[in-house]
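First comes the structure, then the notes that go with it.
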Amino acid sequence: MTPLRVDFCGEEQLVDPASTFTIGREADLTIDDNPYLHRVFLTLSSEYDLWWISNVGNTLSATVSDESGAVQAWLAPGARLPLVFQHMHVMFSAGVTTYDFEIHAAEDVYNTSLTALPIAGTTTLLPVTLTRGQRQLIVSLAENILTRATPGRGEIPSSGDAAARLGWSMTTFNRKLDNVCDKLDRIGVTGLRGGRGKLATNRRARLVEYAIATRLVSVDDLPLLDDDSLREPPESD
């Protein structure tokens, strides 16, 4: 098997198929000294003529997607996933910080193709359509990550800071956050709700991970944040 190439913060590392490559706070790829991050969180290893990514932590999860964003998976603690695409994107959050890195293989095992295209005025990725206000909300939370030139780290703003960025009241922001999380939860997006019907405390980070991994929002949406005509959101969601 040929080595993998891992790109984080503009630096590349080669992964030898003869060994297990660790990713975390104290690992082969040291992400950060963030105390919320496991010392070893993820591993890359080869088995059965395939590369695998494994979550060896006990609290954090990661979002793994292909280059197109058409395929994404939530890698929970104890889970592992074969890396079947030539380019893979991995995102995860620890505390208020979200990290991402890219994995490059020599060749594809499988290919993907998009079956849904954006429609003017909306963002569509089967089977969900965002309203303009919902897209603004997600972009306000993902701004620090969308504006990065290379994979690395970015802060997820508090609800108060994101609401202020949009010129919204906290009531409006929380209502729209509830609505978009409920909409995605209904189509099976994991990690946006907690037990007994209560919304998860880390839903903002999970929402950003999913939206970026699936290309639900992109850098093309950033102008929404500075459009004065959009400072007052519509009443409907």
Side-chain angles (χ1 to χ4, degrees), residues 61 63 65 67-70 72 74 89 91-93 95-100 114-194 198-237:
S61 297
T63 300
S65 65
E67 187 176 28
S68 71
Q72 70 91 26
W74 198 39
H89 186 211
M91 294 190 69
F92 56 91
S93 299
V96 298
T97 306
T98 292
Y99 305 91
D100 66 319
L114 291 175
T115 57
L117 297 174
I119 302 172
T122 65
T123 298
T124 303
L125 186 65
L126 287 178
V128 65
T129 301
L130 295 179
T131 67
R132 197 172 183 84
Q134 289 168 347
R135 184 154 46 138
Q136 283 179 271
L137 180 143
I138 296 173
V139 174
S140 73
L141 293 173
E143 182 180 15
N144 290 337
I145 297 170
L146 290 172
T147 53
R148 288 202 317 258
T150 59
R153 59 179 66 87
E155 299 293 320
I156 302 295
S158 67
S159 294
D161 288 343
R165 179 75 170 92
L166 294 167
W168 296 359
S169 68
M170 281 300 300
T171 299
T172 296
F173 183 90
N174 286 331
R175 173 169 57 85
K176 289 189 176 290
L177 181 59
D178 288 343
N179 288 342
V180 74
C181 287
D182 286 345
K183 177 181 286 188
L184 293 173
D185 178 74
R186 286 195 298 271
I187 65 168
V189 179
T190 53
L192 293 176
R193 298 193 68 85
K198 296 182 179 180
L199 287 169
T201 55
N202 64 343
R203 61 179 178 166
R204 286 179 290 117
R206 172 58 179 151
L207 177 59
V208 169
E209 289 178 20
Y210 177 81
I212 292 179
T214 60
R215 310 301 190 267
L216 205 56
V217 297
S218 70
V219 293
D220 294 336
D221 295 308
L222 287 171
L224 287 172
L225 298 177
D226 297 311
D227 189 337
D228 290 338
S229 67
L230 301 174
R231 301 301 284 180
E232 292 295 331
E235 289 301 317
S236 62
D237 288 288

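- Residues R215 and S65 approach most closely at NH1-OG, 4.3 Å, considering heavy atoms.
- Distance check: C181 SG to R186 CZ gives 11.0 Å after rounding to the nearest 0.5 Å.
- Using modelled atom types, no side-chain atom of D226 and backbone atom of P223 make a donor-acceptor pair closer than 3.5 Å.
- The shortest distance between side-chain heavy atoms of L137 and W168 falls below 4.5 Å.
- Remark: of the listed residues T98, T97, N144, T97 is the sole one forming a side chain to side chain donor-acceptor pair (under 3.5 Å) with E155.
- The two residues G191 and W74 have their closest heavy-atom pair at CA-CH2, 3.6 Å.
- No side-chain N or O of K176 forms a donor-acceptor pair with one of Q136 less than 3.5 Å apart.
- No donor-acceptor contact under 3.5 angstrom links the side chains of R204 and S158, judged on distance only.
- If you take CG on D221 and CG on L146, they are separated by 8.0 Å, rounding to the nearest 0.5 Å.
- Between I156 and I145, some side-chain heavy-atom pair lies under the 4.5 Å cut-off.
- If you take CZ on R206 and CZ on R203, they are separated by 14.0 Å, rounding to the nearest 0.5 Å.
- Rounding to the nearest 0.5 angstrom, the gap separating the CG atom in L141 from the CG atom in L166 is 8.0 Å.
- Closest approach of L207 to L192, counting heavy atoms only: N-CD2, 3.8 Å.
- Checked by atom type, the side-chain pair T63/Q72 shows no donor-acceptor distance below 3.5 Å.
- Minimum heavy-atom separation, F92 to S61: CB-O, 3.4 Å.
- Taking every heavy atom of both residues into account, L222 and E143 meet most closely at CD2-CG, 4.1 Å.
- The CD1 atom of I138 sits 11.0 Å away from atom CG of L224, with the distance rounded to the nearest 0.5 Å.
- Taking 4.5 Å as the limit, every side-chain heavy atom of V189 sits out of range of all side-chain heavy atoms of K183.
- In terms of heavy-atom proximity, P157 sits nearest to S140 at CG-O, 3.6 Å.
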